[in-house]
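Since the structure comes first, as C-alpha cells, the remarks are kept for the end.
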Amino acid sequence: MDDGVSLAPGDTMVPVQISPCVGGLVRTWANDGETHLWSASDDSWLLGRQGMGLYARTVQEERRYRECGLLSKDAGALIVQSRFPEEPVDGSSVQVPGHVLDVTPVEHDQGEGAMKQAFADFEFLLTRVVKNTASSGEFLVVEPGGWGSPLEPFVLFALIDKGEGPVSIVETAPAPHGSRMWEPHILAGRPSTSLSAPATAETVEVAPLLMLEAISRWGLTPWDVALTFGHFEQDALG
C-alpha cells in the first residue's frame with residue numbers, strides 16, 4: 001500500500017465499483033445502491049491506468065467484470081488495488097499493492113468547461129481501452145454503472161473469430177437515431193444495431209468513435225457509466 005494513507009483505526013472500507021475517472025472526478029457505487037461523485041487527487045494517475053486489466057475487478061454477473069476499489073467516506077479515501085499479488089519474499093505473506101486517492105464529495109453541477117474536459121478524457125480513455133481489449137481477447141461493454149444496472153443502454157466492442165479471421169464488432173441499443181455513422185444500419189424491429197468488419201488497425205481505431213456516437217445519445221455523463229469486461233462462452237462463437 002502507498003505511504004501517506006489518510007486512514008485511521010476504525011475507518012470502514014466499503015467495496016465500490018468505480019466510473020471512468022475523467023475531468024478530475026470519479027463516481028463510486030456501493031452494493032447497497034449508494035452512489036457518490038468525488039473530486040479525486042492524482043486523478044491523472046488513475047485515468048492513465050484504468051481499463052487496462054491492471055486493477056482489481058468485481059463480478060457484475062456471470063463472465064462480466066468491472067473495476068472496483070475500497071472506499072472510506074469518513075476518511076475521504078479510495079483505494080484501488082492491483083489484480084495481481086506481489087511475489088512473497090523469503091516466505092513472507094502475500095501482499096496486494098494498492099494506490100490511495102484522496103476524494104472529496106462533489107455536490108454541484110459541472111460547468112460547461114468541466115464537461116468538455118470530461119468528455120475529452122473519456123474519449124482518450126475509451127480509445128486506449130478498445131485497443132487493449134482488442135489485444136486481450138476480452139469484450140468491452142459501456143453501460144450505466146451500479147450493481148443493478150439495466151440491460152439498456154449499452155454499447156459493446158469485441159473481436160470475434162469464427163474460423164475465417166477476426167471480425168471487429170460494435171453493437172448498441174437503443175438504436176442511435178440521428179447519427180450519420182449509425183442511421184444507415186438501423187433496422188426497424190431489431191433489438192439492437194451492430195456494425196462489423198474484418199479486424200484491422202483501421203476498424204479498431206474507428207470503434208471508439210462509433211461507441212461515442214451511441215453513448216452521446218443516452219443523456220448520461222461519463223461519470224454515470226461503467227466499463228464492463230468479459231469473455232464470451234466458447235459455444236457462442238460457433
Problem set entry | Non-hydrogen atoms of A175 and I186 that approach each other most closely | CB-CG2, 3.7 Å

For this session: Please step through side chain to side chain contact (heavy atoms under 4.5 Å, CB included) for the pair V100 and L78, ending with a clear verdict.
Result: CA-CA 6 Å; V100 181; L78 175 65; over 6 Å; no

Exercise. Can you tell me if R66 uses its side chain to pair, donor with acceptor, with the backbone of G146 under 3.5 Å?
Worked result: yes

For this session: Could you tell me which non-hydrogen atom of S19 sits nearest to which non-hydrogen atom of P222, and how far apart they are?
Result: CB-O, 4.4 Å

For this session: Consider only side-chain heavy atoms of I, L, V, M, F, W and Y, link residues closer than 4.5 Å, and tell whether V206 and F122 are in one cluster.
Result: yes

Exercise. Once you round to the nearest 0.5 Å, how far does CG of D102 lie from OG of S39?
Worked result: 10.0 Å

Exercise. Is the number of heavy atoms from other residues, nucleotides or ligands under 6.0 Å of E164 CD greater than 12?
Worked result: no

Exercise. Can we call the ring centroids of F157 and F139 under 6.0 Å apart?
Worked result: no

For this session: Verify the cluster assignment for V170 and V204: are they in a single hydrophobic cluster under the rule of side-chain heavy atoms below 4.5 Å apart?
Result: yes

Problem set entry | K73 side chain reached by L71 side chain, heavy atoms, under 4.5 Å | yes

For this session: On the 0 to 90° scale, with breaks at 30° and 60°, tag the W45-H99 ring pair as parallel, tilted or perpendicular.
Result: parallel

Exercise. Roughly how far, to the nearest 0.5 Å, is the CG atom of L195 from the CE atom of M181?
Worked result: 8.0 Å

Problem set entry | Atom of A173, atom of W218 and distance for their closest heavy-atom approach | O-NE1, 4.4 Å

Problem set entry | Under 3.5 Å side-chain donor-acceptor pair for H185 and E183 | no

Problem set entry | Reported CE-to-CG distance for the pair M115 and L25, which is rounded to 0.5 angstrom | 9.5 Å

Exercise. Can you find a heavy atom in the side chain of L70 that is under 4.5 Å from one in the side chain of V14?
Worked result: no

For this session: Check whether the side chains of R57 and T228 place a donor and an acceptor atom closer than 3.5 Å, and report yes or no.
Result: no

Problem set entry | Donor-acceptor contact below 3.5 Å, side chain S216 vs main chain E213 | yes

For this session: Run through Q50, M52, R49 and flag the one making a side chain to side chain contact (heavy atoms under 4.5 Å, CB included) with E67.
Result: Q50

Problem set entry | side chain to side chain contact (heavy atoms under 4.5 Å, CB included) between D43 and L46, worked out | CA-CA 5 Å; D43 57 285; L46 184 54; 5.8 Å; no

Exercise. Taking side chain as C-beta onward, heavy atoms only, is P166 less than 4.5 Å from P198?
Worked result: no

Exercise. Among T172, V129, L140, which residue meets the side chain to side chain contact (heavy atoms under 4.5 Å, CB included) test with M211?
Worked result: L140

Seminar exercise, completed: Hits for side chain to side chain donor-acceptor pair (under 3.5 Å) against W38, two or more places apart or cross-chain, chain-then-number order -> T28

Problem set entry | Heavy-atom pair of closest approach, residues D121 and G23 | OD2-N, 2.8 Å

Exercise. Between the main-chain N or O of E123 and the side-chain N or O of T127, is there a donor-acceptor pair closer than 3.5 Å?
Worked result: yes

Problem set entry | N-O pairing of R64 and E143 below 4.0 Å | yes

Problem set entry | Expected output: side-chain S168 to main-chain A199 donor-acceptor under 3.5 Å | no

Problem set entry | Rounded distance [0.5 Å steps], CH2 in W29 versus OG in S149 | 9.0 Å

Problem set entry | Cluster link W223 to L125, ILVMFWY, side chain under 4.5 Å | yes

Problem set entry | Taking every non-hydrogen atom, the tightest pair across P153 and P174 | CB-CD, 3.7 Å

Exercise. What heavy-atom pair brings V167 and S196 nearest, and what distance separates the two atoms?
Worked result: CG1-CB, 3.8 Å

For this session: Check the pair W147, T58 against side chain to side chain contact (heavy atoms under 4.5 Å, CB included), reporting the backbone distance first and the verdict last.
Result: CA-CA 10 Å; W147 298 78; T58 184; 3.4 Å; yes

Exercise. Below 4.5 Å, heavy atoms only, C-beta onward: do W182 and H177 meet side chain to side chain?
Worked result: no

For this session: Find out if a path of hydrophobic residues (ILVMFWY) with successive side-chain heavy-atom gaps under 4.5 Å connects L210 to V225.
Result: yes

Exercise. Ignoring hydrogens and geometry, is there a side-chain-to-backbone donor-acceptor pair from T203 to A197 under 3.5 Å?
Worked result: no

Exercise. If you measure from CE on M13 to OG on S72, what distance do you get to the nearest 0.5 Å?
Worked result: 5.5 Å

Exercise. Is there a path from I215 to I169 through hydrophobic residues (I, L, V, M, F, W, Y) whose side chains come within less than 4.5 Å of each other?
Worked result: no

For this session: Measure the CG-OG distance between L101 and S41 for me, rounded to the nearest 0.5 Å.
Result: 5.0 Å

Problem set entry | Under 3.5 Å side-chain donor-acceptor pair for T35 and R27 | yes

Problem set entry | Trace of the side chain to side chain contact (heavy atoms under 4.5 Å, CB included) decision for T193 with L187 | CA-CA 7 Å; T193 304; L187 300 177; over 6 Å; no

For this session: Would you mind reporting whether L37 and P105 have side-chain heavy atoms less than 4.5 Å apart?
Result: no

